[in-house]
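Have a look at the structure below before the remarks.
Heads up: numbering here begins at 1 and tracks the sequence.
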Amino acid sequence: MKKYVCMRMSNGSILMFDKNSLNGLNFNPKNNKDYGITVSKMIIVKPEIVRRLLIKSTKRKLDMFIRMLANLTDDDTTTDASLREALNDLSRYRNIVEYKYKKYLDAKYQEQLIAKIDILEGEIKKKIIYGDNEKSLNKIYQEMYKNALKSMYFNEPTYEMENENRRTR
């Protein structure tokens, strides 16, 4: 069963297009049932409108990833699995931007978007690698700081001072 798209021209004639032969952006819009029309799938063919819609949706999606990253980094109870899931979502979105949106977006805008995604991926990878070690490193640094303060105020030689004295002799 073939599906056709009809378009009425200003002179009264009707043009019919094969739905499969239309090249454009396919998406499923959010429906409001208040108007009585339910749209299940929409194909936008005009390149300028496609570019504007993609820029708007990519900004919205990038903001969503930034909020998700902020929630993951602020929360101390984040698990490694949730960070890896966020990283998978971000890399999947990167592939969509690189391959699916390539023919619709400008090269400069696409490079900027991929650079932003790279930054977010780096932050998530950093959190995965150093997330558990960060607390232990903070404890080590605090103890080193306390030991340095004790040696300054109570004139106790530290290991570094002893090594310096040996080298000068």
Side-chain angles (χ1 to χ4, degrees), residues 2-10 15-145:
K2 287 190 172 184
K3 295 185 177 181
Y4 293 100
V5 176
C6 299
M7 187 170 114
R8 186 177 299 256
M9 301 300 286
S10 61
L15 295 174
M16 295 185 74
F17 300 104
D18 185 15
K19 182 181 171 187
N20 296 329
S21 66
L22 288 176
N23 292 329
L25 179 68
N26 297 329
F27 70 97
N28 301 328
K30 295 179 182 176
N31 291 315
N32 289 335
K33 297 193 178 190
D34 298 338
Y35 300 109
I37 297 173
T38 304
V39 179
S40 61
K41 189 174 184 179
M42 189 176 223
I43 301 172
I44 298 182
V45 182
K46 191 171 182 180
E48 181 64 27
I49 295 174
V50 170
R51 189 179 62 76
R52 286 183 185 176
L53 283 174
L54 285 179
I55 288 173
K56 186 176 179 180
S57 69
T58 54
K59 284 182 183 178
R60 192 177 316 127
K61 191 80 163 180
L62 202 59
D63 288 340
M64 189 257 322
F65 280 122
I66 291 171
R67 277 184 269 132
M68 181 177 62
L69 180 64
N71 289 338
L72 288 175
T73 55
D74 289 344
D75 191 13
D76 291 335
T77 61
T78 57
T79 61
D80 197 32
S82 62
L83 289 171
R84 291 191 187 280
E85 182 180 343
L87 186 63
N88 287 340
D89 289 342
L90 200 57
S91 63
R92 183 183 146 276
Y93 182 65
R94 177 194 176 115
N95 288 336
I96 289 173
V97 168
E98 282 181 344
Y99 300 111
K100 186 177 179 184
Y101 297 163
K102 184 177 185 177
K103 58 185 173 183
Y104 303 117
L105 294 175
D106 299 333
K108 184 177 178 182
Y109 182 77
Q110 187 179 8
E111 288 174 10
Q112 290 174 351
L113 190 61
I114 290 174
K116 291 176 185 178
I117 292 172
D118 284 340
I119 292 170
L120 291 175
E121 282 181 343
E123 289 296 319
I124 292 175
K125 287 177 183 176
K126 196 184 307 181
K127 181 71 175 173
I128 289 172
I129 293 171
Y130 299 115
D132 296 334
N133 298 334
E134 196 170 318
K135 293 176 186 175
S136 61
L137 287 175
N138 284 337
K139 289 179 184 178
I140 292 170
Y141 289 140
Q142 286 174 357
E143 289 180 22
M144 287 174 52
Y145 182 69

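Here CD1 of I55 is found 9.0 Å from OG of S57. Values are rounded to the nearest 0.5 Å. One finds the CD1 atom of I44 at 4.5 Å from the CG atom of L53 (value rounded to the nearest 0.5 Å). Rounding to the nearest 0.5 angstrom, the gap separating the CD atom in E85 from the CG atom in L90 is 12.5 Å. Expressed to the nearest 0.5 Å, how far CG of L113 lies from CG of L54 amounts to 10.0 Å. Here CG of N28 is found 11.0 Å from CE of M42. Values are rounded to the nearest 0.5 Å.
Residues I117 and L62 form a side-chain contact, since some pair of their non-hydrogen atoms from C-beta on lies under 4.5 Å apart.
Between M68 and A86, the closest heavy-atom pair is CE-CB, 3.8 Å.
Residue pairs satisfying the ring pair (Phe, Tyr, Trp, His ring centres under 6.0 Å) criterion with at least one member in residues 42-66, sequence neighbours excluded, are listed as follows: F65-Y93. The stretch residues 43-59 participates, sequence neighbours left out, in these salt bridge (Lys or Arg N to Asp or Glu O under 4.0 Å) pairs: E48-R51, E48-R52.
Every side chain to side chain donor-acceptor pair (under 3.5 Å) that S82 has, sequence neighbours left out, goes to T79. In this view, R92 and I96 satisfy the side chain to side chain contact (heavy atoms under 4.5 Å, CB included) rule, not counting sequence neighbours. Under the side chain to side chain contact (heavy atoms under 4.5 Å, CB included) criterion, E123 pairs with L69, K126, not counting sequence neighbours.
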Tabulate below the donor-acceptor pairs under 3.5 Å that side-chain atoms of residues 104-112 make, not counting sequence neighbours, or state none.
from	atom 1	to	atom 2	distance (Å)
Y104	OH	G24	O	2.9
Y109	OH	T58	OG1	2.9
Q110	NE2	V97	O	2.9
Q110	NE2	E98	O	3.3

Take I49 and L25 through the side chain to side chain contact (heavy atoms under 4.5 Å, CB included) test and state the conclusion after the steps. CA-CA 10 Å; I49 295 174; L25 179 68; over 6 Å; no
